[in-house]
Protein chains: 2
Amino acid sequence: MKTLGYAILGLLAQESLSGYDLTQLMKGRVGNFWSARHSQIYPELARLEDGGYVTHRVVEQRERPDKKVYEITAEGLSALREWVTQPPPPNVPRDELVLKAYSVWLADPEKAARLFREEALRHKEQLAHYEEMRTWMERERGEDVRRADSPWFAGYAALRRGIIYERGYEEWCNWVADQLEKYMHP
Amino acid sequence: MKTLGYAILGLLAQESLSGYDLTQLMKGRVGNFWSARHSQIYPELARLEDGGYVTHRVVEQRERPDKKVYEITAEGLSALREWVTQPPPPNVPRDELVLKAYSVWLADPEKAARLFREEALRHKEQLAHYEEMRTWMERERGEDVRRADSPWFAGYAALRRGIIYERGYEEWCNWVADQLEKYMHP
DNA sequence: GCGCTATATGTAAATACTGACATATACTAC
DNA sequence: GTAGTATATGTCAGTATTTACATATAGCGC
């Protein structure tokens, strides 16, 4: 099974969801470090069902189209449990902005400085958003978010990764912009 | 043109290289935030030459197979210069380990703690390696590494991103492992 | 001589992912 | 009424990337 399958199982392990629900979640939460469009999710759900990792039931709704709510099976749970402790393949993060920084010495320094300040701002905003979520989680869910055996730990751990990531990213963008501005008017 | 094309142009803007050289570099340096195999690089070089962004000359070698050394053209340089200051599309980092952390509450805490400590160690080692490179760069190349209009800035900026990234990653892995161990023997 | 590694360049098949096409219900704002 | 948005589920074509296949030179150790 591929990574996307485990991403979906990870969400279904917490609550039963429809393909549409999963699509929404894959833009936030887990989606901060894994994303997928509905065109990937629906076929993957079919494959997971084929493999016996999930089942679905059709839920009829008034005033809305019917939906298929997917539930993780015992096999799905044990496969997920196994996967979690297997070492992941070495990860090479792909980041176009670092690539741009690599060639920034060729560019117009003012334009480039503007770009990196804007990016710094974007990451600062994302960081603020994450910090808000963290405060909310800690207040609403209490000490459970830090309990590694609680389902609340899932989102909290991912969130902490996001906070560290965004903090570092903002810092780096501003450093690049600083260097650019330092040599802008010599 | 796609991102890989600009990654290659970014390297060729500093020095002329063969496809094989580029393949080696795409495992390190720029490769820390962008990677590609030779099976992607050779066809892309052909496309770049088709578009007039690079040219090549065959260099005959004794005791080794002949090679094609690629050089960036004026068009290539100006395309690269333009691209650098264009805002990149929003980047969703994909990280399987964060996904695993998301489902870690289901796993055996001892196995999981071991995994996250190992990962922390890997990132600590990578960090040490980057720090070494940074010291070397600062000593060998002097103040130029901080000059945003110097070609030495390229690798130095990417390196600084790597250092911040690895520091943050190690910190997070250890935090996850701490939580796991805290509730291991209750 | 034989296997291993490094250098050197390519192609082809398979997989993963994105973007566009396709359809249907029903509420809301104009 | 009608245009837009949210809910809901799918497929398909194209792009990006990985893995495997394919070939050739030449040094090194056994």
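Residue numbering restarts at 1 for every chain, and letters A, B, ... go by the order of the sequence lines.
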Subject >> Mutual orientation of the aromatic rings belonging to W83(A) and Y6(A) [parallel < 30°, tilted 30-60°, perpendicular > 60°] >> reply: parallel
**OP:** Please state how far atom CG in L25(B) lies from atom C1' in dT7(C), giving the value in whole angstrom units.
**Re:** 15 Å
Original post:
Roughly how many Å is it from NZ in K2(A) to C1' in dC17(C), rounded to a whole number?
Top reply: 8 Å
**OP:** Could you state the atom-to-atom distance from CZ of R62(B) to C1' of dA6(C) in whole Å?
**Re:** 19 Å
Original post:
Between dG10(C), dT11(C), dT11(D), which nucleotide has the shortest distance from any of its atoms to the side chain of H38(A)?
Top reply: dT11(D)
**OP:** Indicate the ring-plane relationship of H123(B) and Y165(B), choosing parallel, tilted or perpendicular according to the 30° and 60° boundaries.
**Re:** perpendicular
Original post:
Do R161(A)'s NZ or CZ and the ring of Y169(B) fall within the cation-pi criteria of under 6.0 Å and 45°?
Top reply: yes
Identify each atom pair where a protein N or O and an N or O of nucleotides 4-7 of chain D are less than 3.5 Å apart, giving names and distance.
from	atom 1	to	atom 2	distance (Å)
dT7(D)	OP2	Y20(A)	OH	2.7
dT7(D)	O5'	Y20(A)	OH	3.4

Subject >> Y102(A)/F33(B) aromatic ring centres below 6.0 Å >> reply: no
Subject >> Nucleotide dC17(C), atom P - distance to CG of L4(B) in whole Å >> reply: 18 Å
Original post:
To the nearest angstrom, how far is E44(A) atom CD from dT9(D) atom C1'?
Top reply: 16 Å
Original post:
When you check the gap from the basic side-chain N to the acidic O, do E125(A) and R122(A) get nearer than 4.0 Å?
Top reply: no
**OP:** Grab the OH-P distance between Y42(A) and dT23(C) for me, whole Å please.
**Re:** 17 Å
**OP:** Ignoring backbone atoms, establish whether R94(A) has a side-chain N or O less than 4.0 Å from OP1 or OP2 of dT17(D).
**Re:** yes
**OP:** Ignoring hydrogens and angles, answer whether the base of dG10(C) and the side-chain atoms of S39(B) contain a donor-acceptor pair closer than 3.5 Å.
**Re:** no
Original post:
Think K67(B) has a side-chain N or O under 4.0 angstrom from the OP1 or OP2 of dT25(D)?
Top reply: no
Subject >> Electrostatic pair E138(A)-R134(A), nearest N-O below 4.0 angstrom >> reply: yes
**OP:** Figure out the CZ/P separation between R37(A) and dC17(C), and round it to whole Å.
**Re:** 12 Å
**OP:** In whole angstrom, give the distance that lies between atom CD of E63(B) and atom C1' of dA24(D).
**Re:** 16 Å
Subject >> N/O (side chain, Q40(B)) to phosphate O (OP1/OP2, dT18(D)) under 4.0 Å >> reply: yes
Original post:
F153(A) and W105(B): aromatic ring centres closer than 6.0 Å?
Top reply: no
